[in-house]
2 protein chains.
Amino acid sequence: MSDGRTESGGEPVTAAVLVIGDEILSGRTKDRNIGYIAEYLTNIGVDLREARVVPDVVEEIADAVNALRARYTYVFTTGGIGPTHDDITADGVAHAFGLPVIHHPRAVEILTAYLGDRLNEARLRMARMPEGAELIENAVSKAPGWRIGNVHVMAGIPSVMQAMLDAIAPTLKTGQKMLSVTVEGRGLKEGDVGGPLTEIQTAHPGVMIGSYPRFDGKRFTTALVVRSRDAALMAAAQADVEALVARLQAEIED
Amino acid sequence: MSDGRTESGGEPVTAAVLVIGDEILSGRTKDRNIGYIAEYLTNIGVDLREARVVPDVVEEIADAVNALRARYTYVFTTGGIGPTHDDITADGVAHAFGLPVIHHPRAVEILTAYLGDRLNEARLRMARMPEGAELIENAVSKAPGWRIGNVHVMAGIPSVMQAMLDAIAPTLKTGQKMLSVTVEGRGLKEGDVGGPLTEIQTAHPGVMIGSYPRFDGKRFTTALVVRSRDAALMAAAQADVEALVARLQAEIED
(Lines give C-alpha, C1' and ligand atoms only; values in the text may rest on other atoms or scores of the structure.)
Protein backbone atom coordinates (compact mmCIF):
# COMPACT_ATOMS: atom_id res chain seq x y z
CA MET A 1 0.00 0.00 0.00
CA SER A 2 2.75 2.49 -0.87
CA ASP A 3 0.12 4.85 -2.25
CA GLY A 4 -1.11 5.54 1.25
CA ARG A 5 2.24 6.47 2.75
CA THR A 6 2.53 9.91 4.25
CA GLU A 7 5.98 11.33 4.84
CA SER A 8 5.11 14.15 7.16
CA GLY A 9 8.64 14.19 8.52
CA GLY A 10 10.50 14.67 5.25
CA GLU A 11 11.83 12.02 2.92
CA PRO A 12 11.44 8.47 4.20
CA VAL A 13 14.66 6.68 5.08
CA THR A 14 14.66 3.24 3.45
CA ALA A 15 16.67 0.06 3.79
CA ALA A 16 17.20 -3.45 2.48
CA VAL A 17 18.59 -6.53 4.23
CA LEU A 18 20.85 -8.95 2.37
CA VAL A 19 21.36 -12.32 4.06
CA ILE A 20 24.37 -14.18 2.69
CA GLY A 21 24.81 -17.91 3.12
CA ASP A 22 24.29 -21.34 1.58
CA GLU A 23 23.24 -22.63 4.99
CA ILE A 24 20.10 -20.48 4.94
CA LEU A 25 19.14 -21.59 1.43
CA SER A 26 19.69 -25.27 2.26
CA GLY A 27 17.46 -24.91 5.31
CA ARG A 28 20.22 -26.10 7.65
CA THR A 29 20.19 -22.76 9.48
CA LYS A 30 16.95 -20.84 9.94
CA ASP A 31 17.38 -17.11 9.49
CA ARG A 32 16.43 -15.01 12.50
CA ASN A 33 18.13 -11.82 11.40
CA ILE A 34 15.59 -10.49 8.89
CA GLY A 35 12.82 -10.36 11.50
CA TYR A 36 15.08 -8.82 14.13
CA ILE A 37 16.41 -6.12 11.80
CA ALA A 38 12.90 -5.43 10.48
CA GLU A 39 11.55 -4.73 13.93
CA TYR A 40 14.65 -2.76 14.95
CA LEU A 41 14.55 -0.48 11.90
CA THR A 42 10.81 0.10 12.25
CA ASN A 43 11.41 1.22 15.83
CA ILE A 44 14.03 3.80 14.85
CA GLY A 45 12.12 5.22 11.88
CA VAL A 46 13.83 3.42 8.98
CA ASP A 47 11.54 1.64 6.49
CA LEU A 48 12.72 -1.84 5.55
CA ARG A 49 11.53 -2.20 1.96
CA GLU A 50 13.11 -5.44 0.80
CA ALA A 51 15.08 -8.44 1.97
CA ARG A 52 17.06 -10.98 -0.03
CA VAL A 53 18.89 -14.21 0.70
CA VAL A 54 21.72 -15.16 -1.66
CA PRO A 55 24.27 -18.01 -1.70
CA ASP A 56 28.02 -17.85 -1.02
CA VAL A 57 28.86 -16.85 -4.60
CA VAL A 58 30.83 -13.64 -5.25
CA GLU A 59 28.84 -12.57 -8.32
CA GLU A 60 25.49 -13.21 -6.63
CA ILE A 61 26.51 -11.12 -3.63
CA ALA A 62 27.85 -8.33 -5.85
CA ASP A 63 24.74 -8.23 -8.04
CA ALA A 64 22.42 -8.06 -5.05
CA VAL A 65 24.52 -5.39 -3.31
CA ASN A 66 24.49 -3.23 -6.43
CA ALA A 67 20.74 -3.64 -6.98
CA LEU A 68 19.95 -2.76 -3.38
CA ARG A 69 22.44 0.02 -2.65
CA ALA A 70 21.25 1.97 -5.70
CA ARG A 71 17.66 1.78 -4.58
CA TYR A 72 17.59 2.24 -0.80
CA THR A 73 19.13 4.65 1.69
CA TYR A 74 20.91 1.80 3.50
CA VAL A 75 21.82 -1.84 2.93
CA PHE A 76 22.52 -4.19 5.83
CA THR A 77 24.19 -7.53 5.11
CA THR A 78 24.52 -10.47 7.49
CA GLY A 79 26.80 -13.47 7.21
CA GLY A 80 29.98 -14.50 5.46
CA ILE A 81 32.57 -12.51 7.42
CA GLY A 82 34.13 -15.36 9.40
CA PRO A 83 37.52 -17.03 9.06
CA THR A 84 36.78 -19.88 6.65
CA HIS A 85 36.99 -20.30 2.89
CA ASP A 86 33.23 -19.94 2.43
CA ASP A 87 33.22 -16.48 4.04
CA ILE A 88 33.41 -14.35 0.92
CA THR A 89 31.21 -11.36 1.70
CA ALA A 90 34.27 -9.04 1.56
CA ASP A 91 35.02 -10.24 -1.96
CA GLY A 92 31.42 -9.87 -3.07
CA VAL A 93 30.98 -6.34 -1.70
CA ALA A 94 34.40 -5.22 -2.99
CA HIS A 95 33.46 -6.57 -6.42
CA ALA A 96 30.19 -4.60 -6.30
CA PHE A 97 32.09 -1.37 -5.59
CA GLY A 98 35.00 -2.12 -7.94
CA LEU A 99 37.43 -1.85 -5.04
CA PRO A 100 40.42 -3.99 -4.05
CA VAL A 101 40.24 -6.14 -0.92
CA ILE A 102 42.84 -5.22 1.68
CA HIS A 103 43.61 -6.21 5.27
CA HIS A 104 42.31 -3.23 7.21
CA PRO A 105 45.20 -2.09 9.48
CA ARG A 106 43.02 -1.24 12.49
CA ALA A 107 41.09 -4.52 12.15
CA VAL A 108 44.41 -6.39 12.16
CA GLU A 109 45.37 -4.52 15.34
CA ILE A 110 42.10 -5.40 17.02
CA LEU A 111 42.41 -9.07 16.08
CA THR A 112 46.07 -9.14 17.19
CA ALA A 113 45.25 -7.59 20.57
CA TYR A 114 42.35 -9.99 21.11
CA LEU A 115 43.77 -13.21 19.71
CA GLY A 116 47.52 -12.94 20.35
CA ASP A 117 49.30 -15.97 18.92
CA ARG A 118 45.98 -17.55 17.95
CA LEU A 119 45.87 -15.04 15.05
CA ASN A 120 46.61 -17.46 12.21
CA GLU A 121 46.08 -16.98 8.49
CA ALA A 122 42.45 -18.10 8.67
CA ARG A 123 41.55 -15.63 11.41
CA LEU A 124 43.40 -12.87 9.59
CA ARG A 125 40.75 -13.27 6.87
CA MET A 126 38.40 -11.47 9.25
CA ALA A 127 40.36 -8.25 8.65
CA ARG A 128 39.77 -8.44 4.88
CA MET A 129 37.48 -5.75 3.48
CA PRO A 130 37.26 -3.32 0.57
CA GLU A 131 39.77 -0.49 0.64
CA GLY A 132 38.20 2.54 2.31
CA ALA A 133 35.84 0.59 4.55
CA GLU A 134 35.17 1.91 8.06
CA LEU A 135 34.95 -0.47 11.01
CA ILE A 136 31.80 -1.36 12.94
CA GLU A 137 32.46 -2.31 16.55
CA ASN A 138 31.79 -5.89 17.65
CA ALA A 139 31.24 -5.82 21.41
CA VAL A 140 30.69 -9.58 21.53
CA SER A 141 33.62 -11.23 19.79
CA LYS A 142 35.83 -8.30 18.64
CA ALA A 143 36.21 -9.16 14.91
CA PRO A 144 34.64 -6.00 13.48
CA GLY A 145 31.96 -5.47 10.89
CA TRP A 146 32.44 -2.69 8.39
CA ARG A 147 30.74 -0.08 6.25
CA ILE A 148 31.50 0.98 2.71
CA GLY A 149 29.27 3.61 1.11
CA ASN A 150 25.74 2.93 2.29
CA VAL A 151 26.38 -0.79 2.81
CA HIS A 152 26.80 -2.09 6.37
CA VAL A 153 28.38 -5.54 6.64
CA MET A 154 27.54 -7.52 9.77
CA ALA A 155 28.11 -10.99 11.16
CA GLY A 156 25.55 -13.76 10.69
CA ILE A 157 25.52 -15.00 14.29
CA PRO A 158 22.47 -13.25 15.76
CA SER A 159 24.06 -12.07 19.02
CA VAL A 160 27.01 -10.56 17.15
CA MET A 161 24.79 -9.04 14.47
CA GLN A 162 22.60 -7.45 17.14
CA ALA A 163 25.60 -5.87 18.87
CA MET A 164 26.81 -4.48 15.54
CA LEU A 165 23.37 -3.05 14.79
CA ASP A 166 23.47 -1.24 18.13
CA ALA A 167 26.83 0.22 17.10
CA ILE A 168 25.48 1.30 13.71
CA ALA A 169 22.15 2.78 14.82
CA PRO A 170 23.47 6.12 16.17
CA THR A 171 25.16 6.80 12.81
CA LEU A 172 21.97 6.41 10.76
CA LYS A 173 19.70 9.19 9.67
CA THR A 174 16.16 8.23 10.50
CA GLY A 175 12.80 9.33 9.22
CA GLN A 176 9.69 10.14 11.15
CA LYS A 177 8.82 7.00 12.98
CA MET A 178 5.99 4.87 11.65
CA LEU A 179 3.28 4.73 14.30
CA SER A 180 0.97 1.76 14.61
CA VAL A 181 -1.99 0.61 16.62
CA THR A 182 -3.62 -2.81 16.66
CA VAL A 183 -7.37 -3.33 16.96
CA GLU A 184 -8.04 -6.94 17.95
CA GLY A 185 -11.09 -8.20 16.08
CA ARG A 186 -11.90 -11.05 18.48
CA GLY A 187 -14.35 -13.55 17.04
CA LEU A 188 -14.00 -12.06 13.55
CA LYS A 189 -12.81 -13.86 10.45
CA GLU A 190 -10.78 -11.98 7.88
CA GLY A 191 -13.44 -12.60 5.24
CA ASP A 192 -16.09 -10.87 7.37
CA VAL A 193 -13.92 -7.82 7.82
CA GLY A 194 -12.56 -7.54 4.29
CA GLY A 195 -15.36 -5.63 2.53
CA PRO A 196 -15.96 -2.80 5.00
CA LEU A 197 -12.24 -2.62 5.74
CA THR A 198 -11.60 -1.78 2.09
CA GLU A 199 -14.01 1.14 2.44
CA ILE A 200 -12.17 2.39 5.53
CA GLN A 201 -8.80 2.08 3.78
CA THR A 202 -10.15 4.04 0.80
CA ALA A 203 -11.49 6.76 3.10
CA HIS A 204 -8.13 7.14 4.87
CA PRO A 205 -5.38 7.51 2.25
CA GLY A 206 -2.82 8.69 4.83
CA VAL A 207 -2.76 5.36 6.66
CA MET A 208 -2.04 1.71 5.84
CA ILE A 209 -4.41 -0.87 7.25
CA GLY A 210 -3.28 -4.49 7.47
CA SER A 211 -5.37 -7.50 8.39
CA TYR A 212 -3.81 -10.54 10.13
CA PRO A 213 -6.01 -13.52 10.98
CA ARG A 214 -5.22 -16.20 13.52
CA PHE A 215 -7.04 -19.18 15.01
CA ASP A 216 -6.41 -20.43 18.54
CA GLY A 217 -8.18 -23.75 18.01
CA LYS A 218 -11.48 -22.40 19.36
CA ARG A 219 -12.18 -19.12 17.64
CA PHE A 220 -10.85 -16.75 15.05
CA THR A 221 -9.32 -13.37 15.75
CA THR A 222 -8.38 -10.91 13.06
CA ALA A 223 -5.90 -8.28 14.16
CA LEU A 224 -6.34 -5.02 12.28
CA VAL A 225 -3.20 -2.93 12.27
CA VAL A 226 -3.42 0.77 11.45
CA ARG A 227 -0.11 2.41 10.55
CA SER A 228 0.77 6.00 9.74
CA ARG A 229 3.46 8.57 10.35
CA ASP A 230 0.72 11.06 11.31
CA ALA A 231 -0.85 10.51 14.73
CA ALA A 232 -4.07 12.39 13.91
CA LEU A 233 -4.65 10.50 10.67
CA MET A 234 -3.97 7.23 12.47
CA ALA A 235 -6.42 8.07 15.28
CA ALA A 236 -9.18 8.90 12.77
CA ALA A 237 -8.76 5.59 10.95
CA GLN A 238 -8.46 3.72 14.24
CA ALA A 239 -11.85 5.11 15.33
CA ASP A 240 -13.48 3.81 12.15
CA VAL A 241 -11.83 0.40 12.52
CA GLU A 242 -12.93 0.13 16.16
CA ALA A 243 -16.50 1.02 15.17
CA LEU A 244 -16.43 -1.65 12.45
CA VAL A 245 -15.16 -4.28 14.85
CA ALA A 246 -17.82 -3.39 17.43
CA ARG A 247 -20.56 -3.57 14.80
CA LEU A 248 -19.43 -6.96 13.45
CA GLN A 249 -19.02 -8.41 16.94
CA ALA A 250 -22.55 -7.27 17.84
CA GLU A 251 -23.89 -9.00 14.71
CA ILE A 252 -22.21 -12.26 15.75
CA GLU A 253 -23.69 -12.07 19.23
CA ASP A 254 -27.21 -11.54 17.85
CA MET B 1 30.81 -22.25 -3.77
CA SER B 2 28.91 -22.82 -7.02
CA ASP B 3 32.18 -23.78 -8.73
CA GLY B 4 32.27 -26.96 -6.72
CA ARG B 5 28.81 -28.17 -7.62
CA THR B 6 28.57 -31.48 -9.37
CA GLU B 7 25.42 -32.31 -11.23
CA SER B 8 25.91 -36.01 -11.68
CA GLY B 9 22.18 -36.48 -12.12
CA GLY B 10 21.64 -34.10 -15.03
CA GLU B 11 20.74 -30.42 -14.90
CA PRO B 12 20.10 -29.11 -11.41
CA VAL B 13 16.54 -28.06 -10.66
CA THR B 14 16.55 -24.60 -9.09
CA ALA B 15 14.07 -22.45 -7.23
CA ALA B 16 13.46 -19.10 -5.58
CA VAL B 17 11.09 -18.14 -2.78
CA LEU B 18 9.25 -14.82 -2.85
CA VAL B 19 7.67 -13.77 0.45
CA ILE B 20 5.05 -11.05 0.00
CA GLY B 21 3.91 -8.87 2.84
CA ASP B 22 4.38 -5.55 4.64
CA GLU B 23 3.98 -7.37 7.94
CA ILE B 24 7.25 -9.26 7.40
CA LEU B 25 9.17 -6.09 6.49
CA SER B 26 7.80 -4.19 9.48
CA GLY B 27 8.87 -7.02 11.77
CA ARG B 28 5.34 -7.51 13.06
CA THR B 29 5.26 -11.06 11.69
CA LYS B 30 8.41 -13.18 11.67
CA ASP B 31 8.75 -15.25 8.51
CA ARG B 32 8.94 -18.98 9.05
CA ASN B 33 8.25 -20.02 5.47
CA ILE B 34 11.67 -19.45 3.90
CA GLY B 35 13.36 -21.89 6.26
CA TYR B 36 10.62 -24.49 5.90
CA ILE B 37 10.61 -24.33 2.10
CA ALA B 38 14.42 -24.37 2.00
CA GLU B 39 14.61 -27.59 3.98
CA TYR B 40 11.71 -29.15 2.06
CA LEU B 41 13.20 -28.41 -1.36
CA THR B 42 16.64 -29.65 -0.32
CA ASN B 43 15.06 -32.92 0.74
CA ILE B 44 13.36 -33.48 -2.62
CA GLY B 45 16.35 -32.52 -4.75
CA VAL B 46 15.48 -28.94 -5.69
CA ASP B 47 18.16 -26.28 -5.07
CA LEU B 48 16.84 -23.12 -3.46
CA ARG B 49 19.11 -20.44 -4.89
CA GLU B 50 17.52 -17.20 -3.73
CA ALA B 51 14.81 -15.77 -1.49
CA ARG B 52 13.26 -12.32 -1.46
CA VAL B 53 10.81 -10.44 0.72
CA VAL B 54 8.84 -7.62 -0.92
CA PRO B 55 6.03 -5.32 0.29
CA ASP B 56 2.35 -5.34 -0.72
CA VAL B 57 2.94 -3.23 -3.82
CA VAL B 58 1.84 -4.55 -7.23
CA GLU B 59 4.89 -3.31 -9.15
CA GLU B 60 7.32 -4.66 -6.54
CA ILE B 61 5.70 -8.08 -6.68
CA ALA B 62 5.65 -8.07 -10.49
CA ASP B 63 9.29 -7.01 -10.79
CA ALA B 64 10.45 -9.69 -8.38
CA VAL B 65 8.34 -12.41 -10.04
CA ASN B 66 9.76 -11.52 -13.44
CA ALA B 67 13.36 -11.44 -12.19
CA LEU B 68 13.02 -14.80 -10.45
CA ARG B 69 10.90 -16.76 -12.93
CA ALA B 70 13.34 -16.00 -15.73
CA ARG B 71 16.25 -17.26 -13.72
CA TYR B 72 15.12 -20.36 -11.83
CA THR B 73 13.22 -23.53 -12.66
CA TYR B 74 10.51 -22.71 -10.12
CA VAL B 75 9.29 -19.76 -8.08
CA PHE B 76 7.27 -20.23 -4.89
CA THR B 77 5.45 -17.25 -3.42
CA THR B 78 3.87 -17.02 0.02
CA GLY B 79 1.38 -14.47 1.30
CA GLY B 80 -1.14 -12.00 -0.05
CA ILE B 81 -3.90 -14.35 -1.26
CA GLY B 82 -6.46 -13.69 1.48
CA PRO B 83 -9.77 -11.80 1.35
CA THR B 84 -8.71 -8.27 2.28
CA HIS B 85 -7.69 -5.19 0.32
CA ASP B 86 -3.99 -5.67 1.08
CA ASP B 87 -3.98 -9.14 -0.52
CA ILE B 88 -2.76 -8.22 -3.98
CA THR B 89 -0.52 -11.11 -4.98
CA ALA B 90 -2.93 -12.04 -7.80
CA ASP B 91 -2.63 -8.54 -9.24
CA GLY B 92 1.15 -8.54 -8.93
CA VAL B 93 1.66 -11.93 -10.58
CA ALA B 94 -0.90 -11.18 -13.34
CA HIS B 95 0.93 -7.91 -14.02
CA ALA B 96 4.20 -9.82 -14.30
CA PHE B 97 2.72 -12.16 -16.90
CA GLY B 98 0.71 -9.47 -18.69
CA LEU B 99 -2.50 -11.40 -18.04
CA PRO B 100 -5.95 -10.26 -16.90
CA VAL B 101 -7.17 -11.18 -13.43
CA ILE B 102 -10.34 -13.30 -13.47
CA HIS B 103 -12.42 -15.16 -10.91
CA HIS B 104 -11.39 -18.77 -11.52
CA PRO B 105 -14.67 -20.75 -12.01
CA ARG B 106 -13.52 -23.85 -10.15
CA ALA B 107 -12.15 -21.75 -7.27
CA VAL B 108 -15.53 -20.00 -7.02
CA GLU B 109 -17.21 -23.43 -6.86
CA ILE B 110 -14.86 -24.61 -4.11
CA LEU B 111 -15.43 -21.45 -2.06
CA THR B 112 -19.19 -21.66 -2.61
CA ALA B 113 -19.33 -25.27 -1.48
CA TYR B 114 -17.22 -24.56 1.57
CA LEU B 115 -18.56 -21.18 2.64
CA GLY B 116 -22.22 -21.24 1.55
CA ASP B 117 -23.88 -17.93 2.33
CA ARG B 118 -20.72 -16.69 4.05
CA LEU B 119 -19.24 -16.23 0.56
CA ASN B 120 -19.33 -12.42 0.44
CA GLU B 121 -17.51 -10.08 -1.91
CA ALA B 122 -14.38 -10.02 0.22
CA ARG B 123 -14.08 -13.83 0.33
CA LEU B 124 -14.74 -14.01 -3.39
CA ARG B 125 -11.42 -12.17 -3.78
CA MET B 126 -9.76 -15.46 -2.93
CA ALA B 127 -10.88 -16.84 -6.32
CA ARG B 128 -9.06 -14.02 -8.16
CA MET B 129 -6.05 -15.13 -10.18
CA PRO B 130 -4.48 -14.60 -13.60
CA GLU B 131 -6.40 -16.12 -16.52
CA GLY B 132 -5.02 -19.59 -17.25
CA ALA B 133 -3.90 -20.34 -13.68
CA GLU B 134 -4.27 -23.90 -12.38
CA LEU B 135 -5.42 -24.53 -8.83
CA ILE B 136 -3.31 -25.89 -5.97
CA GLU B 137 -5.30 -27.82 -3.37
CA ASN B 138 -5.61 -26.37 0.12
CA ALA B 139 -6.36 -29.27 2.46
CA VAL B 140 -6.48 -26.97 5.49
CA SER B 141 -8.88 -24.14 4.69
CA LYS B 142 -10.05 -24.88 1.11
CA ALA B 143 -9.28 -21.51 -0.57
CA PRO B 144 -6.85 -22.77 -3.21
CA GLY B 145 -3.39 -21.64 -4.20
CA TRP B 146 -2.57 -21.54 -7.87
CA ARG B 147 0.16 -21.95 -10.46
CA ILE B 148 0.82 -19.92 -13.58
CA GLY B 149 3.84 -20.82 -15.70
CA ASN B 150 6.62 -21.81 -13.31
CA VAL B 151 5.25 -19.64 -10.47
CA HIS B 152 3.45 -21.34 -7.58
CA VAL B 153 1.35 -19.02 -5.42
CA MET B 154 0.75 -20.16 -1.85
CA ALA B 155 -0.79 -18.81 1.34
CA GLY B 156 1.31 -17.05 3.96
CA ILE B 157 -0.08 -18.87 7.00
CA PRO B 158 2.52 -21.60 7.61
CA SER B 159 0.13 -24.53 8.10
CA VAL B 160 -1.74 -23.70 4.89
CA MET B 161 1.46 -23.07 2.95
CA GLN B 162 2.84 -26.41 4.09
CA ALA B 163 -0.28 -28.26 2.92
CA MET B 164 -0.05 -26.53 -0.46
CA LEU B 165 3.62 -27.46 -0.79
CA ASP B 166 2.68 -31.10 -0.19
CA ALA B 167 0.15 -30.78 -3.01
CA ILE B 168 2.72 -29.20 -5.34
CA ALA B 169 5.66 -31.51 -4.65
CA PRO B 170 4.52 -34.49 -6.77
CA THR B 171 4.19 -32.20 -9.80
CA LEU B 172 7.79 -30.93 -9.64
CA LYS B 173 10.71 -32.32 -11.54
CA THR B 174 13.55 -32.84 -9.14
CA GLY B 175 17.27 -33.15 -9.57
CA GLN B 176 19.62 -35.60 -7.97
CA LYS B 177 19.29 -35.02 -4.27
CA MET B 178 22.02 -33.08 -2.54
CA LEU B 179 23.61 -35.36 0.05
CA SER B 180 25.18 -34.00 3.20
CA VAL B 181 27.05 -35.19 6.24
CA THR B 182 28.01 -33.22 9.32
CA VAL B 183 31.30 -33.70 11.16
CA GLU B 184 31.03 -32.15 14.63
CA GLY B 185 34.28 -30.42 15.50
CA ARG B 186 33.76 -30.46 19.27
CA GLY B 187 36.14 -28.13 21.09
CA LEU B 188 37.25 -26.50 17.84
CA LYS B 189 36.93 -22.85 16.93
CA GLU B 190 36.23 -21.88 13.36
CA GLY B 191 39.48 -19.95 13.18
CA ASP B 192 41.49 -23.07 14.06
CA VAL B 193 39.81 -25.07 11.34
CA GLY B 194 39.78 -22.44 8.60
CA GLY B 195 43.28 -22.84 7.12
CA PRO B 196 43.43 -26.63 6.69
CA LEU B 197 39.76 -26.71 5.72
CA THR B 198 40.53 -24.47 2.75
CA GLU B 199 43.10 -27.03 1.62
CA ILE B 200 40.54 -29.83 1.88
CA GLN B 201 37.97 -27.79 -0.06
CA THR B 202 40.54 -27.12 -2.78
CA ALA B 203 41.42 -30.81 -2.98
CA HIS B 204 37.75 -31.84 -3.36
CA PRO B 205 36.17 -29.70 -6.08
CA GLY B 206 33.09 -31.96 -6.32
CA VAL B 207 31.90 -31.11 -2.84
CA MET B 208 30.94 -27.99 -0.89
CA ILE B 209 32.26 -27.71 2.66
CA GLY B 210 30.57 -25.31 5.06
CA SER B 211 31.72 -24.34 8.52
CA TYR B 212 29.22 -23.36 11.25
CA PRO B 213 30.49 -22.38 14.68
CA ARG B 214 28.46 -22.35 17.88
CA PHE B 215 29.18 -21.78 21.56
CA ASP B 216 27.20 -23.44 24.34
CA GLY B 217 28.50 -21.13 27.06
CA LYS B 218 31.31 -23.53 27.98
CA ARG B 219 33.05 -24.55 24.80
CA PHE B 220 33.07 -24.00 21.08
CA THR B 221 31.94 -26.50 18.50
CA THR B 222 32.38 -25.98 14.79
CA ALA B 223 30.12 -28.13 12.65
CA LEU B 224 31.69 -28.97 9.30
CA VAL B 225 29.10 -29.85 6.69
CA VAL B 226 30.18 -31.72 3.56
CA ARG B 227 27.65 -31.60 0.69
CA SER B 228 27.69 -33.24 -2.71
CA ARG B 229 25.39 -34.95 -5.17
CA ASP B 230 27.99 -37.73 -5.49
CA ALA B 231 28.18 -40.14 -2.53
CA ALA B 232 31.75 -41.29 -3.31
CA LEU B 233 33.09 -37.74 -3.61
CA MET B 234 31.34 -36.82 -0.39
CA ALA B 235 32.78 -39.81 1.47
CA ALA B 236 36.33 -38.97 0.33
CA ALA B 237 36.03 -35.38 1.55
CA GLN B 238 34.35 -36.53 4.76
CA ALA B 239 37.33 -38.76 5.53
CA ASP B 240 39.72 -35.84 5.16
CA VAL B 241 37.55 -33.61 7.33
CA GLU B 242 37.29 -36.27 10.04
CA ALA B 243 41.07 -36.71 10.01
CA LEU B 244 41.51 -32.95 10.35
CA VAL B 245 39.10 -32.77 13.28
CA ALA B 246 40.83 -35.68 15.05
CA ARG B 247 44.23 -34.06 14.55
CA LEU B 248 43.12 -30.66 15.87
CA GLN B 249 41.32 -32.20 18.84
CA ALA B 250 44.46 -34.17 19.72
CA GLU B 251 46.49 -30.94 19.62
CA ILE B 252 44.07 -29.31 22.07
CA GLU B 253 44.30 -32.23 24.48
CA ASP B 254 48.10 -32.13 24.47
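Numbered from 1 within each chain, the chains take letters A, B, ... in sequence-line order.
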Contact class of Asn43(A) relative to chain B, heavy atoms under 4.5 angstrom:
neither
Of the listed residues (Met126(A), Glu121(A), Arg123(A)), which shares the most heavy-atom pairs with chain B below a 4.5 Å separation?
Arg123(A)
Quick one: of Arg125(A), Arg214(A), Arg71(A), Arg32(A), who has the most non-hydrogen atom pairs under 4.5 Å with chain B?
Arg71(A)
If you count heavy-atom pairs under 4.5 Å with chain B, which of Ala64(A), Pro196(A), Ser180(A), Ser211(A) comes out on top?
Ser211(A)
For Asp166(B) and Tyr40(B), does a side-chain donor sit closer than 3.5 Å to a side-chain acceptor?
yes
For chain A, the option from Gly27(B), Gly156(B), Ala15(B), Gly21(B) that forms the most heavy-atom pairs under 4.5 Å
Gly27(B)
Atom CE of Met208(B) and atom CG of Asp56(A): how far apart are they, to the nearest 0.5 Å?
10.0 Å
Options Ala122(B), Gly35(B), Pro83(B), ranked by heavy-atom pairs under 4.5 Å with chain A, top entry
Pro83(B)
Pairs of heavy atoms under 4.5 Å with chain A: top-ranked of Asp31(B), Val19(B), Thr198(B), Val193(B):
Thr198(B)
Check whether any side-chain N or O of Glu50(B) sits under 3.5 Å from a backbone N or O of Leu25(A) as a donor-acceptor pair, and report yes or no.
no
With respect to chain A, which residue among Glu39(B), Arg52(B), Lys30(B) yields the maximal number of heavy-atom pairs within a distance under 4.5 Å?
Arg52(B)
Is any side-chain N of the basic residue among Lys218(A) and Asp216(A) closer than 4.0 Å to the acidic one's carboxylate O?
no
Check whether Thr202(A) gets within reach of chain B through its side chain, its backbone, both or neither, counting any heavy atom under 4.5 Å.
neither
For Ile157(A), which atoms come within 4.5 Å of any heavy atom of chain B: side chain, backbone, both, or neither?
side chain
Report yes or no: does Asn66(A) contribute a side-chain atom to a donor-acceptor pair with the main-chain N or O of Asp63(A) at less than 3.5 Å?
no
Is it the backbone or the side chain of Tyr212(A) that comes under 4.5 Å from a heavy atom of chain B, or both, or neither?
side chain
Side chain, backbone, both or neither: which part of Val225(A) has an atom under 4.5 Å from a heavy atom of chain B?
side chain
Between Asn120(A) and Gly191(B) (side chain of the first, backbone of the second, donor and acceptor by atom type, cut-off under 3.5 Å), is there such a pair?
yes
Between Asp91(B) and Arg128(B), is there a side-chain N and carboxylate O pair less than 4.0 Å apart?
yes
